[in-house]
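Written below as structure tokens is the structure these notes are about.
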Amino acid sequence: MDYLPGTTVEVNENNTAQGFLDSAFAMGGLVLSQVVQLTGLEPHTVQNWVKRKFISPPVHKKYDCRQFCRIALINMLKDILQIERIIAMLRYVYRSEGEADDIMIYTTFSSVMAAVPKDAIREQTNVDEIISEEVQKKNLSADVSERLKEVIKVMVLAFISARVKKRAELFLVGIEQKM
């Protein structure tokens, strides 16, 4: 199952980020309970982000499309980057391009992710094939081989993820130096 980034909203080729946003905000803003349902966040988390000024306060208890996109962006990146760095990165775009906003950033990212292979790292590296070849060399029983493959896959993907995270952080440092 695929979801729009930072949300619990199922996505397919007919359900794009812009299409979802257009339908979700056709009648105005969303109340906190709707934002929580669509993002999987706890209400106190969203309220804390408003209190800390990561998100502007809702107007008449409703969040607009821009606020929702910012919430989704933070939600998507919060496990990888510090929230303060996410906000600084978003502001960097605003500074560089007068018309850039959270909606444009969110929909652009969503479109890019829709075009990227589902498992780009594994598709590019043939991780499963490499693991299978190496485990076969060990002459283990079938059940031990399968368990070893599963554990090695988790370890490899965690290691690759850490490297990718480090590269993203180094790239972000470069951006921060331009701010």
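Reckoned from all heavy atoms, side chains included, excluding hydrogens, waters and symmetry mates. Just so we're clear, the structure is a prediction, and the values are computed from it rather than from any experiment.
Two different hydrophobic clusters hold V173 and L90 under the rule that ILVMFWY side chains link at heavy-atom gaps under 4.5 Å. L170 and Y92 sit in two unconnected hydrophobic clusters of ILVMFWY residues. Membership requires side-chain heavy atoms under 4.5 Å apart, directly or through other members. Residues I71 and V59 do not share a hydrophobic cluster, defined by chaining ILVMFWY side chains whose heavy atoms lie under 4.5 Å apart.
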Exercise. Determine, stepwise, if the pair Q67 / K62 fulfils side-chain contact (heavy atoms from CB on, under 4.5 Å).
Key: CA-CA 10 Å; Q67 291 165 310; K62 289 197 173 186; over 6 Å; no
Quiz prompt | Residues Q82, L77; criterion side-chain contact (heavy atoms from CB on, under 4.5 Å); working and verdict | solution = CA-CA 8 Å; Q82 296 171 338; L77 296 170; over 6 Å; no
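We find the NZ-OG distance between K137 and S132 to be 12.0 Å, quoted to the nearest 0.5 Å. Of the inter-residue distances, the one linking I86 atom CD1 with M76 atom CE reads 8.0 Å to the nearest 0.5 angstrom. Distance check: H44 NE2 to W49 CH2 gives 10.5 Å after rounding to the nearest 0.5 Å. Note: E169 CD to L81 CG = 6.5 Å, rounded to the nearest 0.5 Å. The structure places CG of D64 at 6.0 Å from OG of S56, a figure rounded to the nearest 0.5 Å. The CE atom of M89 sits 8.0 Å away from the CE atom of M179 when rounded to the nearest 0.5 Å.
Contacts of E150 classified as salt bridge (charged side-chain N to carboxylate O under 4.0 Å, His left out), with partners at least two apart in sequence or in another chain: none.
Looking at heavy atoms from C-beta onward, T108 lies in side-chain contact with M104 at the 4.5 angstrom threshold. V36 is not listed as a side-chain neighbour of E42, based on a closest heavy-atom distance of 4.5 Å or more. The side-chain heavy atoms of T16 and V11, taken from C-beta on, include no pair separated by under 4.5 Å. You'll find the side chain of I87 reaches within 4.5 Å of the side chain of R70, heavy atoms only. No side-chain heavy atom of V9 sits under 4.5 Å from any side-chain heavy atom of Y3.
A side chain to side chain contact (heavy atoms under 4.5 Å, CB included) with I55 holds for exactly one of V50, V35, N48; it is V50.
Checking side-chain atoms of T45 against main-chain N and O of L41 turns up no donor-acceptor pair under 3.5 Å. Within the 3.5 Å criterion, the main-chain N or O of L4 finds no donor-acceptor partner in the side chain of S110. Under the 3.5 Å distance criterion, the side-chain polar atoms of N75 are matched with a main-chain donor or acceptor of T39. Within the 3.5 Å criterion, the main-chain N or O of L38 finds a donor-acceptor partner in the side chain of T8.
Ionic pairing of R66 and D102 is present here: one or more N-O contacts between side-chain nitrogen and carboxylate oxygen are shorter than 4.0 angstrom. Here R52 pairs with E84 in a salt bridge; the nearest charged N to carboxylate O distance falls below 4.0 Å.
I83 and K78 make their closest contact through CG1-CB, 4.4 Å (heavy atoms, listed as atom of the first residue, atom of the second, distance). The shortest non-hydrogen separation linking P5 to Y106 is O-OH, 2.6 Å. Taking every heavy atom of both residues into account, D128 and K153 meet most closely at OD1-CE, 2.9 Å.
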Please set out all donor-acceptor pairs under 3.5 angstrom arising from side-chain atoms of residues 19-34, sequence neighbours excluded.
unit_1 : atom_1 : unit_2 : atom_2 : d
D22    : OD1    : Q18    : NE2    : 2.8
S23    : OG     : G19    : O      : 3.3
S23    : OG     : F20    : O      : 3.0
Q34    : OE1    : V31    : N      : 2.9

